Trainee: 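Starting off with a structure, shown below.
Just so it is clear, the structure is predicted and the values come from calculations on it, not from any experiment.
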Amino acid sequence: MSGATAKLSSYHLAAALRREPDPAAALRLFLNPTSSAARPSSSSSPPFRYSLRCYDIIVCKLAAARLFPAMESVLAQLPSSLRPREPLLCRVISAYGRARLPGAARRAFAHPSFPAPRTARALNTLLHALLACRAPLPELLSECRGSGIHPDACTYNILMRAAVVESGSVENACLLFDEMLQRGIAPTVVTFGTLVTAFCEAGRLEEAFKVKEVMSLQYNIRPNAHVYASLMKALCEKGKVDDAHRLKEEMVSNSEPLMDSGAYATLARALFRVGRKGEVVSLLEEMKKRGITVGREVHNAMIAGFCEDEGDLDAASAALDDMQKGGCKPDSVSYNTLVGGLCKMGRWRDASELVEDMPRRGCRPDVVTYRRLFDGICDAGGFSEARRVFNEMVFKGFAPSKDGVRKFVGWIEREGDVASLESVLCQLASINALESSEWEKAMSGVLHDPAEQKIVKLLDNLSLA
DNA sequence: GTAGGGTTAG
């Protein structure tokens, strides 16, 4: 009977946690389940029994809100009797990766609340998080070896991508590909997609097309939308828009056509770039005729075209409204493009208003939103508004760009406001936005007073501790 | 949300 009550209660708590949009409020609910709707029937009932589901929900919410200390304390009290599973651990690891906190990602991988052994899935999540933090390839390789986990195709795909990101050369990726074959691990469509993209990014289109041929002829793996998108983008960058158009025809006129709107986004953007925006209209008609949904990326490509190629902010704004009316919800990329465009035209007050309106329109500003707004305002010299945006973004845990901070700090220094300077640097340190050597370099151009430079050094040491 | 692209930063 009491078991049933506990189950019911944790079920209600899970529902309440899911409903609660504010992560801090969700945490209060989680910590005080008996004061919530999950209240057990009598005060003499046994202590509240959390289900694994409750832990899942609260941990994910805290991770998404980057409330890491709170998340860690919840994880620490997660009883092993609930047998938490690896997918939850993976979410924690990738949250640290997204927050660019490689050390924390590593520690999470070894978290004692999750019973050993780890599988390739956890290892791959860690590697991907480290890749997001731009950790060099040798570090990823040693992480692999140190774990003693047998790598799979996904492991190699991440390592190959890391090789390209690090050195910009395709050779290491090819070596890893050979190693993977030698170890008897079969390449997947993702492996070939990674290779195609690598050759494309290096401007080596002949080899990229060769990979496409090899995968279909030798491995009997059909190129997918990712492969086509990479090739089309590379063709467009070389000015071969018509070749890209033909490749798109191949993609959609196959026996099993790929109905992916991403490739159309590339074409639409390219047409804007070369001043052929008139053809975008027929491109959209073609999609409709073929029954391909005009996806978010296509709308975003048009917004970018109006902003950056046409310099027509009103048209861009209208495109965003059309998108919404057409039932396609604008995302942060849509807004960020417009915010950037407005700032570039010196209309940072409009940009600021748009950002303030975003939550009401159902889109949370992200790190790019704030960086563009902050940079734009600093560029235009609107420093008192910049201070407001700075406080807001730091409060939400987003780090401003180095460039913006340089201008901002330069202004504070010209004002001679040492107290303000100290508080700004403390705020940056509080969100781990100060990394020692780079910042010292960035700031030494701005801070001439040795006393001020001492502040920077002091804070550097603090942020490293 | 274990991997790859397309629309924005860098």
Trainee: Please report, rounded to the nearest Å, how far the C1' atom of B:dT2 is from the OH atom of A:Tyr96.
Mentor: 19 Å
Trainee: For A:Tyr335 and A:Leu320, run side chain to side chain contact (heavy atoms under 4.5 Å, CB included): C-alpha distance rounded to whole Å, both residues' side-chain angles, the deciding distance at 0.1 Å, then the answer.
Mentor: CA-CA 8 Å; A:Tyr335 286 102; A:Leu320 189 133; 4.1 Å; yes
Trainee: Give the rounded distance in Å between these two atoms: NE2 of A:His150 and C1' of B:dT2.
Mentor: 16 Å
Trainee: Which of parallel (below 30°), tilted (30 to 60°) and perpendicular (above 60°) describes A:Tyr96 and A:Phe68?
Mentor: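 Answer is tilted, since the angle falls between 30° and 60°.
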Trainee: Output yes when A:Asp56 and A:Arg91 qualify as a salt bridge under the 4.0 Å nitrogen-oxygen rule, no when they do not.
Mentor: no
Trainee: What does nucleotides 3-8 of chain B look like as a protein-contact string, B for base, S for sugar-phosphate only, - for none, at under 4.0 angstrom between heavy atoms?
Mentor: BBBBBB
Trainee: Tell me the interatomic distance from A:Glu143, atom CD, to B:dT2, atom C1', rounded to whole angstroms.
Mentor: 15 Å
Trainee: Rounded to the nearest angstrom, tell me the gap between atom CZ in A:Arg98 and atom C1' in B:dA9.
Mentor: 18 Å
Trainee: Tell me: CD of A:Glu86 to C1' of B:dT2, nearest whole Å?
Mentor: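 Rounding to the nearest Å, CD of A:Glu86 and C1' of B:dT2 are 9 Å apart.
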Trainee: Apply the side-chain contact (heavy atoms from CB on, under 4.5 Å) test between A:Leu258 and each candidate in A:Lys248, A:Glu250, A:Arg222; give the one that qualifies.
Mentor: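 Looking at A:Lys248, A:Glu250, A:Arg222, the match for A:Leu258 under the side-chain contact (heavy atoms from CB on, under 4.5 Å) is A:Arg222.
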Trainee: Angle between ring planes, A:Phe383 versus A:Trp411, binned at 30° and 60°: parallel, tilted or perpendicular?
Mentor: parallel
Trainee: Between A:Asp375 and A:Arg371 (salt bridge meaning N to carboxylate O under 4.0 Å), is one present in this structure?
Mentor: no
Trainee: What's the CZ-P distance between A:Arg91 and B:dT2, to the nearest Å?
Mentor: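 My rounded result for the distance is 8 Å.
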